[in-house]
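First the structure, in the form of C-alpha cells, and then the observations on it.
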Amino acid sequence: MRYQLRDFRIRSGALEEFVDQWRAGVVPLRAEFGFEIIGAWSNPETDRFVWLLAHEGDFEAVDRTYYESADRGRLSPDPARLIEEAHKEFVVPAL
C-alpha cells in the first residue's frame, strides 16, 4: 500500500465550499478508482485542507488514469478551482 499526503491552501473564505464539493465529487470518484481515503482535516484559521489517501496498486499510474478520466473531467463544480497552493508527498507508516 502506498500513501500520499496532500496539503492544500484553499482560497480565502472558500474552505467550507471546497470541503462540500470534495466530499460530493472527489471522495466517491477516488473510491471507484480503488483509492482509500485514510482521513481528511481542515483548518479554517489557515484555509488549509490536508488529506491522506492510499492505493494498493501502482499509485502513480492509477492517479494519472483518474485525472485523465472522463468522469474526473465532468466533475462539476470542480473543487480544484478553489486550491491556491498544493503540496503532495508520499509517506510511509511510522506506527
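Quantities reported herein were computed from a predicted structural model and do not represent experimental measurements.
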Report yes or no: do His87 and Glu89 form a side-chain donor-acceptor pair below 3.5 Å?
->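 Side-chain D/A pair, His87 to Glu89: present.
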State whether a side-chain donor-acceptor pair under 3.5 Å links Gln21 with Arg23.
-> no
With Leu53, which of Glu36, Lys88, Arg2, Arg30 fulfils side chain to side chain contact (heavy atoms under 4.5 Å, CB included)?
-> Arg30
Checking side-chain contact (heavy atoms from CB on, under 4.5 Å) for the pair Val26/Tyr66: CA distance, chi angles, key distance, verdict?
-> CA-CA 10 Å; Val26 172; Tyr66 164 82; 3.7 Å; yes
Run the ring-centre check on Phe49 versus Phe18 and record whether the distance is less than 6.0 Å.
-> yes
So, do Phe59 and Phe35 have ring centers that fall under 6.0 Å from each other?
->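 For Phe59 and Phe35, the ring centres are under 6.0 Å apart.
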Over 12 non-hydrogen atoms of neighbours within 6.0 angstrom of CD in Glu17 | yes
Start with the C-alpha distance between Phe8 and Val50, add both sets of side-chain angles, then the distance that settles side-chain contact (heavy atoms from CB on, under 4.5 Å), and finish with yes or no.
-> CA-CA 6 Å; Phe8 300 156; Val50 178; over 6 Å; no
Give the C-alpha distance, both sets of side-chain angles, the deciding distance and a yes or no for salt bridge (Lys or Arg N to Asp or Glu O under 4.0 Å) between Arg11 and Asp47.
-> CA-CA 7 Å; Arg11 184 173 61 204; Asp47 296 309; over 6 Å; no
Side-chain contact test, heavy atoms from C-beta onward, threshold under 4.5 Å: evaluate it for Val19 versus Leu15 and give yes or no.
-> yes
Any donor-acceptor pair under 3.5 Å linking the side chain of Asp58 with the backbone of Ala61?
->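 Flag set: sc Asp58 to bb Ala61 pair under 3.5 Å.
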Do Phe90 and Trp51 belong together in a cluster built from hydrophobic side chains that touch within less than 4.5 Å?
->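 Yes; tracing contacts between hydrophobic side chains, which count when under 4.5 Å, links both residues.
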Taking 4.0 angstrom as the limit, do Arg81 and Asp78 come out as a salt bridge?
-> no
